[in-house]
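Notes for the one structure printed next.
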Amino acid sequence: MNHSKKKFSRKQDFKSISKPIQYVDYSLGYPFKTRISYEFGLYKGKKAVCFFIDGNFESLRIIHRKNPKEYFKIYKFGGQTLHSSRRQREKCLELTTRALFEKYGFKVKLKPRLGPYHPDMLIKKDKLNICVELKAYHESYLCGDSEISQVMKYFREIKNLNSPSKIILITSGSLIDSQNSFLQNQKNDPIQYVNAYYKKLIIPRSQIKSIEDFSARDIYKQAAKKFNKNYGNGFPPMKVVFFNKNHIPNFPSCLFSKEKYDVLLVDSDDFYELLKRANLTKEANKFDLLRKKDMERLLINGKILKM
């Protein structure tokens, strides 16, 4: 990596005593080379480690314990592994969502049983039962027909169980535009349509520059297969509604509205507005960081999303 320290305001105080070392993460069971590199050195006479992303300064940490370079563990310097970062995103979305519904008097149960499935949560209030599925994505990821078909599958199971529950999908990613969903393209064969749509999204390996690119590519490569499995022999009739800004002033009463919906899809912008409107400032800020901070920065700064 080409290290440029132009953004390192404390350059005059840090003296490097090692060559740049690329950070390789092993938490997923295989070596994953990242855009992160680090150097050991001295900062005002104290041992320190300096982190870079694509050669640009990101953070400096004082070393308070012995840590041989050959056994470098990023979490010992305020960071976290790739596996932990992904789990942290999921936990952050779970906590912000829980805070929103509890603010409005809903009882929240995590991982309820729905036949053979386990949605992320079940919310209850005034005889209204709603299963909630969460997709903790970076804002660059598309949350599309693969994820929509998953919650539609949940509703199909609800019909089989004769349960009155509805389903809500909430994402921190970019929810697919309704006009691009298979739901609005009924003249096409759903499976062929979704397969072709995701095929266009798959990022060529030569263009992958970040962990987010790699993760998005992995999601898109699996999306059509997941849709095919969720779709099965088709879905029963159901009303799938894209949440919009007109719903925000009426939230959460709109969930009880006589306006029929079986599945409600909520994108990140609208969910962020719901958090702010509920005066959940801390949760809104954390949710905004969740969708905007790329994975490399989460690896270096392990406390960004902690609540």
Side-chain angles (χ1 to χ4, degrees), residues 1-2 22-37 51-56 58 74 80-90 92-93 133-151 169-185 188-231 265 267-269 287-301 304-305:
M1 294 187 180
N2 180 24
Q22 184 177 26
Y23 174 63
V24 181
D25 188 278
Y26 292 90
S27 64
L28 301 181
Y30 53 87
F32 188 98
K33 295 181 179 180
T34 72
R35 295 157 56 213
I36 299 169
S37 61
F51 289 101
F52 302 84
I53 297 177
D54 291 333
N56 294 312
E58 179 67 20
I74 196 168
Q80 61 184 333
T81 65
L82 181 51
H83 175 74
S84 296
S85 297
R86 290 179 174 177
R87 291 289 300 128
Q88 189 182 59
R89 275 183 172 169
E90 294 169 359
C92 181
L93 183 55
E133 183 66 18
L134 306 173
K135 296 301 176 184
Y137 290 170
H138 185 264
E139 63 180 359
S140 62
Y141 301 2
L142 177 75
C143 182
D145 285 334
S146 174
E147 292 81 3
I148 292 173
S149 65
Q150 180 182 353
V151 290
L169 170 66
I170 297 173
T171 183
S172 55
S174 178
L175 185 64
I176 191 171
D177 187 281
S178 60
Q179 298 304 313
N180 293 329
S181 171
F182 83 101
L183 296 165
Q184 299 295 325
N185 292 273
N188 298 291
D189 176 82
I191 292 178
Q192 291 182 5
Y193 177 82
V194 173
N195 287 354
Y197 188 84
Y198 277 104
K199 188 175 181 179
K200 293 184 294 184
L201 293 178
I202 296 176
I203 305 169
R205 184 174 294 275
S206 60
Q207 295 181 15
I208 292 178
K209 301 182 185 300
S210 67
I211 298 176
E212 304 301 359
D213 291 339
F214 179 87
S215 299
R217 183 177 187 270
D218 187 52
I219 289 172
Y220 300 155
K221 284 182 67 176
Q222 299 296 322
K225 181 179 179 181
K226 289 181 178 178
F227 177 85
N228 297 353
K229 184 177 180 180
N230 292 334
Y231 186 78
L265 311 175
D267 72 11
S268 62
D269 287 338
F287 177 78
D288 207 33
L289 290 172
L290 159 61
R291 59 180 180 158
K292 292 181 178 179
K293 286 292 184 181
D294 59 52
M295 190 63 77
E296 282 83 1
R297 285 171 175 80
L298 296 185
L299 262 65
I300 292 174
N301 302 286
I304 288 181
L305 298 182

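Just so it is clear, the structure is predicted and the values come from calculations on it, not from any experiment.
- With 3.5 Å as the limit, one finds a donor-acceptor pair spanning the side chains of His138 and Ser140.
- At least one donor-acceptor pair under 3.5 Å links the side chain of Glu147 to the backbone N or O of Gly144.
- When each of Asp145, Asn185, Asn180, Asn188 is tested with Tyr193 by the rule side chain to side chain donor-acceptor pair (under 3.5 Å), just one qualifies, namely Asn185.
- Side chain of Ser181 to main chain of Ser178: no donor-acceptor pair is present (N/O by atom type, distance under 3.5 Å, no hydrogens or angles).
- When side chains are defined from C-beta on, Leu82 does not count as touching Phe214, because their heavy atoms never get closer than 4.5 Å.
- A heavy-atom distance below 4.5 Å is not found between the side chains of Ile36 and Asp25.
- In this structure, the side chain of Ser85 does not engage the main chain of Met295 through any donor-acceptor pair within 3.5 Å.
- Under the 4.5 Å side-chain criterion, counting only non-hydrogen atoms from C-beta, Gln184 is not in contact with Asp177.
- Between the Ser268 side chain and the Gly173 main chain, a donor and an acceptor come within less than 3.5 Å of each other.
- Screening residues 207-220 for salt bridge (Lys or Arg N to Asp or Glu O under 4.0 Å) gives Arg89-Glu212 as the qualifying pairs, with residues at least two apart or on separate chains.
- Between Arg35 and Ser210, some side-chain heavy-atom pair lies under the 4.5 Å cut-off.
- Val151 is listed as a side-chain neighbour of Leu265, based on a closest heavy-atom distance under 4.5 Å.
- Inter-residue side-chain proximity for Lys225 and Lys229 is flagged as unmet; no heavy-atom pair is nearer than 4.5 Å.
- Considering only heavy atoms from C-beta on, Asp269 stays 4.5 Å or farther from Glu139 through its side chain.
- Side-chain contact check for Gln150 versus Lys135: some heavy-atom pair is nearer than 4.5 Å.
- Under the 3.5 Å distance criterion, the side-chain polar atoms of Asn301 are left unmatched by any main-chain donor or acceptor of Ile304.
- Between Phe227 and Tyr198, the ring center distance fails the sub-6.0 Å criterion.
- Remark: side-chain polar atoms of Thr34 are not paired, donor with acceptor, to backbone N or O of Val24 under 3.5 angstrom.
- In this pair, Phe32 and Tyr30 present their aromatic rings tilted. The plane angle is within the 30 to 60° band.
- Ser27 contributes a side-chain N or O that, together with a main-chain N or O of His83, makes up a donor-acceptor pair within less than 3.5 Å.
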